[in-house]
Amino acid sequence: QVHLVESGGGFAQPGGSLKLSCTASGNFFSINSMGWFRQAPGKERELVASISNGGSTNYGDSVKGRFTISRDSANTVSLQMNSLKPEDTAVYYCAATTVDYNPIESYKYDYWGQGTQVTVSS
């Protein structure tokens, strides 16, 4: 089993920045890719960004050029969010998968954190 704990998030004004971090504990050596998904009220959960052990990345179209995902160690992943927009407001979830590639589909992720709220508003 793998346990994911998110930190960061909170409130930011449009154009501002926030950083999310996620740490995995337990049998994290089984993890290949880690990533961030988000879900806004009334919307489906969507990929924000993901990164494999080898460093390959995926980004959702709406965050390309603004957000950067990094794999700080085998069990930690961070998401630097710049130029935030009100439409970035959502609950952000850290996720991890044992599959041997870097998937973009949420159902291919085995482990999930509890989520952290990000609110962007003036």
Side-chain angles (χ1 to χ4, degrees):
Q1 281 293 328
V2 175
H3 184 55
L4 303 176
V5 177
E6 301 110 336
S7 61
F11 179 86
Q13 293 187 334
S17 299
L18 287 172
K19 184 175 182 179
L20 305 181
S21 296
C22 175
T23 300
S25 61
N27 189 26
F28 63 84
F29 293 104
S30 64
I31 292 173
N32 180 29
S33 294
M34 297 183 73
W36 294 92
F37 289 78
R38 68 185 182 187
Q39 188 165 18
K43 295 188 177 182
E44 293 186 354
R45 190 169 295 189
E46 64 174 358
L47 173 74
V48 178
S50 65
I51 186 168
S52 70
N53 273 339
S56 67
T57 58
N58 293 313
Y59 288 95
D61 288 341
S62 62
V63 306
K64 286 179 181 177
R66 300 188 297 122
F67 291 11
T68 302
I69 191 169
S70 60
R71 194 77 176 263
D72 305 317
S73 68
N75 69 326
T76 60
V77 63
S78 297
L79 183 70
Q80 179 66 45
M81 304 184 292
N82 298 328
S83 302
L84 284 163
K85 303 176 180 180
E87 50 264 43
D88 294 319
T89 296
V91 177
Y92 284 69
Y93 297 91
C94 177
T97 179
T98 58
V99 299
D100 60 357
Y101 62 99
N102 190 11
I104 63 173
E105 302 90 345
S106 61
Y107 70 88
K108 294 185 178 178
Y109 283 76
D110 307 288
Y111 306 104
W112 293 86
Q114 291 297 310
T116 185
Q117 178 69 45
V118 170
T119 302
V120 184
S121 175
S122 55

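Residue numbers start at 1 and run along the sequence shown. The shown structure was predicted, so the numbers you read here are calculated from the model rather than taken from an experiment.
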Under 4.5 Å between side-chain heavy atoms, counting indirect links through other Ile/Leu/Val/Met/Phe/Trp/Tyr residues: same cluster for Tyr109 and Tyr107 or not?
no
Please give me the minimum heavy-atom distance between Arg66 and Ser83, naming the atom from each residue.
NH1-O, 2.9 Å
Under 3.5 Å, is there a donor-acceptor pair between the side chain of Ser33 and the main chain of Tyr101?
yes
Heavy-atom side-chain proximity of Lys19 to Ser70 below 4.5 angstrom:
no
Do Val118 and Met81 come close enough that some side-chain heavy atom pair is under 4.5 Å?
yes
Between Phe67 and Trp36, does the ring centroid distance fall short of 6.0 Å?
no
Within the structure provided, determine whether Asn58 and Leu47 are in side-chain contact (heavy-atom separation under 4.5 Å).
yes
Give the cluster check for Leu18 versus Val48: same hydrophobic cluster or not, with ILVMFWY residues linked at side-chain heavy-atom distances below 4.5 Å.
yes
Can you check side chain to side chain contact (heavy atoms under 4.5 Å, CB included) on Arg71 and Met34, steps first, answer last?
CA-CA 8 Å; Arg71 194 77 176 263; Met34 297 183 73; 3.5 Å; yes
Less than 3.5 Å apart, any donor N or O on the side chain of Asp110 or Thr98 sitting next to an acceptor on the other?
yes
Exercise: identify the closest heavy-atom pair between Ser62 and Glu46
OG-OE2, 4.5 Å
Verdict with reasoning, Gln117 to Tyr92, per side chain to side chain contact (heavy atoms under 4.5 Å, CB included):
CA-CA 6 Å; Gln117 178 69 45; Tyr92 284 69; over 6 Å; no
Nearest 0.5 Å, what's the CD1-OG distance between Ile69 and Ser50?
6.0 Å
Taking the cut-offs as 6.0 angstrom to the six-membered ring centre and 45 degrees off its axis, would you call Arg38 and Tyr93 a cation-pi pair?
no
Look at the side chain of Gln1 and the backbone N and O of Asn27, then say whether any donor-acceptor pair between them is shorter than 3.5 Å.
no
CG of Asp72 to CD1 of Ile51, rounded to nearest 0.5 Å, is 8.5 Å
Would Val2 and Ser30 count as a side chain to side chain contact (heavy atoms under 4.5 Å, CB included) here? Give the steps.
CA-CA 9 Å; Val2 175; Ser30 64; 4.2 Å; yes
Quick check: do Ser17 and Gln80 have side-chain heavy atoms less than 4.5 Å from each other?
yes
Just so I know, are the side chains of Pro86 and Pro14 near enough to count as touching, which here means a heavy-atom distance under 4.5 Å?
yes
Could you go step by step and tell me if Phe37 and Glu105 meet the side chain to side chain contact (heavy atoms under 4.5 Å, CB included) rule?
CA-CA 10 Å; Phe37 289 78; Glu105 302 90 345; over 6 Å; no
Minimum heavy-atom separation for Lys43 to Gln39, with atom names?
O-NE2, 3.1 Å
Heavy atoms only: give me the nearest Ser21-Ser78 pair and the separation to one decimal.
OG-OG, 3.5 Å
Atom CD of residue position Glu87 - does it have more than 12 heavy atoms of other residues, nucleotides or ligands inside 6.0 Å?
yes
For Asn53 and Ile31, indicate whether the former's side chain and the latter's backbone hold a donor-acceptor pair under 3.5 Å.
yes
Residues Asn32 and Ser52: side-chain donor-acceptor under 3.5 angstrom
no
Without swapping roles, check the side chain of Thr76 against the backbone of Thr23 for a donor-acceptor pair under 3.5 Å.
no
Within one Ile-Leu-Val-Met-Phe-Trp-Tyr cluster: Val91 and Leu20, side-chain cutoff 4.5 Å
no
What one should report as the nearest heavy-atom pair of Cys94 and Leu4 is O-CD1, 3.6 Å
Joint hydrophobic cluster, Tyr111 plus Phe29, side-chain heavy atoms closer than 4.5 Å:
yes
